[in-house]
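Every number for a ligand or one of its atoms is a count from 1 in the order of the listing. All values below come from the heavy atoms of this structure, side chains included, with hydrogens, waters and symmetry mates left out. Everything quoted here is computed from the prediction, not taken from an experiment.
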Amino acid sequence: MYWQTIKKSPESQQTCPNLSDYEQARASFSWNQVRQELIGLPNDQGLNIAYEAVERHALGPSRERVALRWLGKDGGVQDYSYGRLQELTNRFANVLESLGVDKGDKVFVLAERIPELYIAALGALKAGAVFCPLFSAFGPEPIAARLAIGQGKVLVTTERLYQRRKLATLRGALPDLKQVLLVRQEGERVDLPDTHDFHELLAVAAADFTIPPTDPEDLALLHFTSGTTGKPKGAVHVHAAVLVHYLTGKWVLDLRPDDIFWCTADPGWVTGTSYGIIAPLVNGVTNLMVEEEFEAERWYRILQEQRVNVWYTAPTAIRMLMKAGTERARGYDFSRLRLLASVGEPLNPEGVVWGQEAFGLPFHDDWWQTETGGIMISNYLCMDIKPGSMGRPLPGVEAAIARRTHLGGIELIEEPDQPGELALRVGWPALFRGYFQEDLRYRQCFADGWYLTGDLASRDRDGYYWFMGRADDVIKSAGHLIGPFEVESILMEHPAVAEAGVIGKPDPVAGEVVKAFVSLKTGFQPGEELRRELLALARKKLGPAVAPREIEFQASLPKTRSGKIMRRLLKAREWGLPEGDLSTLENVAETGQEADSDAKP
Ligand code: ATP
Ligand code: MG
């Protein structure tokens with residue numbers, strides 16, 4: 001709340017956004033109406049995500065529009081029209097049927113960002129199977145654990161990953177895994193037992209496919225959470241989630257048919273599926289798939305050359321770009337950009353405002369979780385931005401700040417600016433339908449008709465939500481509740497600071513005191529003087545009760561492979577506690593795996 005509101009006057013909008021009147025949309029909202037904007041399977045056979053993503057356009061005048069544009073590592077570009085995508089996904093659905101895949105069977109995909117991943121995902125959904133992505137930099141352990149929990153029946157992967165991760169040796173322990181399909185690069189061809197060639201099967205499969213009747217409540221997606229707070233959970237979603245994918249693509253990301261859209265999240269995570277595959281296609285745009293990893297100049301070049309209109313990325317990427325220096329952004333033409341959006345972690349106000357400096361547009365932060373299936377709280381194009389706030393709930397979603405009671409219920413906190421757990425009233429179609437094989441844990445997320453998110457937040461008088469931290473990360477110091485995000489954001493205001501992670505450190509008097517871990521931007525050195533400057537800045541802005549007592553400099557902070565700072569690990573190390581499940585920690589050397597550079601924002 002230290003930053004000035006970014007006012008959205010009608011003149012500052014180049015075009016009228018899809019959502020132009022937030023209050024009116026909230027007041028008149030109905031999910032039934034959203035359902036009417038989708039087509040549904042012919043003859044009232046239900047609702048299928050892939051049909052809405054592909055056929056909805058392939059059967060109409062947009063058939064020749066580019067659905068997917070793949071930018072390969074070798075500089076090659078491949079375009080897939082909606083019509084071509086229809087054919088390829090039909091073929092893959094036929095392949096699955098021929099391999100004995102039934103409704104509800106789990107089809108896992110472990111691949112880098114290659115076109116086959118998108119074809120497999122959509123083809124699996126057409127066949128009535130459940131699509132489950134696995135992040136390509138996982139080592140053999142996390143791959144096997146997720147395949148086992150999810151009872152994967154089919155695995156689509158590349159020959160390279162199959163060999164490097166030594167997946168053949170895992171199969172004995174995975175009795176449910178019946179079929180392995182390998183995507184091969186040209187010239188690659190080793191005869192591996194018990195595997196099929198993805199392209200060979202695709203080539204002989206029929207190009208027509210009729211999607212079987214799909215109930216909106218049929219399972220469609222299985223997504224493992226990021227593992228930021230503990231062992232990853234497998235959240236399941238149903239086909240009806242497509243209503244939320246569609247609506248948020250339209251209202252939050254403001255997607256329009258002629259748009260070039262780029263979501264930088266890897267499809268191995270929920271954002272990379274909901275917004276890297278489904279939402280853009282359902283909204284009929286051209287969706288970029290970028291095989292290469294992060295590199296500041298490369299990303300600026302893609303934004304310019306591909307004339308990207310809407311860009312959806314994450315705080316970790318934004319911080320990396322900021323760390324590289326704003327000068328690096330100079331000289332590029334970003335005039336096609338209409339909207340910048342961010343998700344995954346809190347976006348510090350510094351980052352929101354930096355968007356204006358580098359691109360001429362602020363970043364629009366939004367909040368959601370694997371469990372919510374789609375964006376729930378957002379800064380909309382039509383609304384003023386309060387930097388540091390997650391924004392306001394999606395029309396159709398009711399949010400509240402709640403306190404759990406001892407009797408297993410909740411009390412809603414109506415007063416503004418009070419901390420509490422962020423709760424969402426059950427009823428939006430993308431809410432997860434279970435944690436796979438963890439029913440009790442699932443049920444514990446609900447009380448009195450509300451889903452409790454495990455995040456602490458507050459709501460201000462204008463209805464904007466402010467993230468404070470994970471319930472587990474909140475610091476209790478001398479009777480105060482301190483959210484790490486607020487402290488981190490102040491430290492980030494210092495020009496030397498690239499990243500900050502704040503935890504509670506045990507203290508005999510206060511219970512906990514605030515300790516900050518800080519990594520610095522290129523060109524800055526840690527030292528006593530800088531430490532004192534940072535402490536003074538924090539004390540001045542936050543007051544002595546909330547400011548860190550201690551600052552430790554680190555070259556970089558531990559992060560999940562999806563780019564989130566792992567405060568639980570900083571804390572466990574500080575407290576001398578066990579480090580817990582590290583399967584999603586980035587850059588851990590794993591046996592049987594080359595040291596991938598896998599900072600995947
Ligand atoms: P796990 O549940 O396994 O610990 P995770 O919660 O990080 O991992 P995800 O579902 O990928 O797994 O992430 C959702 C969480 O990320 C949210 O609950 C929230 O804590 C954080 N988050 C996402 N977007 C934002 C945002 N815009 N502002 C603040 N926090 C965010
Ligand atoms: Mg979570």
Side-chain angles (χ1 to χ4, degrees), residues 133 135 142 146 149 221-235 237 248 252 265-266 268-275 312-318 341-349 351-352 363-379 385-394 399 421-424 430-432 435-436 438 441-442 444-445 451-458 464-474 483-486 488-489 558-569 571 580-586 600-601:
F135 183 46
R146 285 163 180 74
I149 296 172
L221 305 163
L222 169 60
H223 281 298
F224 286 92
T225 60
S226 295
T228 315
T229 54
K231 187 168 168 279
K233 300 150 275 191
H237 294 277
T248 48
V252 178
D266 191 275
W269 306 107
V270 71
T271 307
T273 304
S274 293
Y275 296 97
Y312 196 23
T313 189
T316 183
I318 298 166
S342 164
V343 75
E345 273 199 298
L347 179 61
N348 313 88
V352 174
F363 275 100
H364 291 71
D365 187 19
D366 60 64
W367 177 97
W368 60 290
Q369 304 179 308
T370 309
E371 291 85 344
T372 68
I375 299 168
M376 295 284 108
I377 297 184
S378 172
N379 287 282
I385 298 178
K386 299 192 190 190
S389 160
M390 314 188 277
R392 299 187 62 188
L394 181 74
E421 188 166 354
L422 176 62
L424 303 168
L431 174 63
F432 71 138
Y435 284 131
F436 211 69
E438 286 192 274
R441 192 164 192 183
Y442 174 68
Q444 284 169 343
C445 298
Y451 164 62
L452 294 152
T453 64
D455 283 349
L456 286 199
S458 64
Y464 282 67
Y465 283 76
W466 298 79
F467 179 82
M468 297 177 63
R470 318 289 187 122
D472 298 357
D473 290 339
V474 164
F485 176 54
E486 188 179 20
E488 289 161 9
S489 290
K559 284 187 218 74
T560 63
R561 291 174 187 275
S562 51
K564 298 164 193 255
I565 296 171
M566 266 180 160
R567 291 173 194 80
R568 72 161 155 110
L569 192 55
K571 191 166 169 182
D581 185 298
L582 295 185
S583 64
T584 62
L585 177 65
E586 75 174 8
K600 292 248 169 36

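The structure places CH2 of W466 at 8.0 Å from OG of S458, a figure rounded to the nearest 0.5 Å. Separating the OG1 atom in T273 from the CG atom in D266 is a distance of 9.0 Å, to the nearest 0.5 Å. Expressed to the nearest 0.5 Å, how far CG of L222 lies from OH of Y435 amounts to 12.5 Å. To the nearest 0.5 Å, atoms NE2 (H364) and CG (L347) are separated by 11.5 Å. Note that the CD1 atom of I318 and the CZ atom of F363 stand 4.0 Å from one another [nearest 0.5 Å]. The CD1 atom of I375 sits 8.5 Å away from atom CG of L394, with the distance rounded to the nearest 0.5 Å.
Shortest contact from atom 7 (O) of ligand 1 to any protein heavy atom: T228 OG1, 2.4 Å. Here the protein heavy atom with the shortest distance to atom 6 (O) of ligand 1 is R470 NH1, 2.8 Å. Atom 24 (N) of ligand 1 has its closest protein heavy atom at G344 N, 3.1 Å. The single protein non-hydrogen atom nearest to atom 11 (O) of ligand 1 is S226 OG, 2.7 Å, given as residue, atom name and distance.
Within ligand 1, the atoms closer than 4.0 Å to a non-hydrogen atom of K564 are 7 (O), 9 (P), 11 (O), 13 (O), 14 (C), 15 (C), 16 (O), numbered from 1 in the order shown. The V343 neighbourhood of ligand 1 comprises atoms 24 (N), with distances under 4.0 Å to a heavy atom of that residue. Numbered from 1 in the order shown, with element, the atoms of ligand 1 that lie under 4.0 Å from a heavy atom of D455 read 17 (C), 18 (O), 19 (C), 20 (O). With ligand atoms numbered from 1 in the order given, ligand 1 contributes 1 (P), 2 (O), 4 (O) to contacts under 4.0 Å with heavy atoms of T229. Set against the non-hydrogen atoms of K233, the atoms of ligand 1 under 4.0 Å away are 1 (P), 2 (O), 3 (O). Contact atoms of ligand 1 toward D366: 24 (N), 26 (C), 27 (N) (distance under 4.0 Å to a heavy atom of the residue).
Of all the heavy atoms of W269, none lies under 4.0 Å from any atom of ligand 1, so neither backbone nor side chain is involved. At a 4.0 Å heavy-atom cut-off, ligand 1 touches T370 through backbone and side chain alike. Only the backbone of E345 comes within 4.0 Å of ligand 1, judged by heavy-atom distances. In F467, the part holding a heavy atom less than 4.0 Å from any atom of ligand 1 is the side chain. For L347, no heavy-atom contact with ligand 1 is shorter than 4.0 Å.
Polar contact check, T453 against ligand 1: no nitrogen or oxygen pair lies under 3.5 Å apart. Residue contacts with ligand 1: S342 is placed with no nitrogen or oxygen under 3.5 Å of a nitrogen or oxygen of the ligand (distance criterion only). Among the atoms of K231, none of the N or O lies under 3.5 angstrom from an N or O of ligand 1. Annotation: G227 places an N or O atom under 3.5 Å from an N or O atom of ligand 1; distance criterion only.
Applying side chain to side chain contact (heavy atoms under 4.5 Å, CB included) to W368 and the options I377, T271, T248 leaves one that passes, T271.
Between E438 and K231 there is no salt bridge, since no side-chain nitrogen of the basic residue lies less than 4.0 Å from a carboxylate oxygen of the acidic one.
Checking side-chain atoms of H237 against main-chain N and O of A430 turns up a donor-acceptor pair under 3.5 Å. The backbone N or O of F432 lies less than 3.5 Å from no partner atom in the side chain of Y451, so there is not a single donor-acceptor pair.
In this structure, R561 fails the cation-pi test against F135, since its NZ or CZ atom is not both closer than 6.0 Å to the six-membered ring centre and inside 45 degrees of the ring normal.
Within the 4.0 Å heavy-atom cutoff, F224 does not count among the residues contacting ligand 1.
In summary, the side chains of T560 and S562 do present a donor paired with an acceptor at a separation below 3.5 Å, with no hydrogens or angles considered. For the residue pair S378 and D366, no side-chain donor N or O sits within less than 3.5 Å of a side-chain acceptor on the partner.
Among P232, G469, P346, the residue whose heavy atom lies nearest to atom 28 (N) of ligand 1 is P346.
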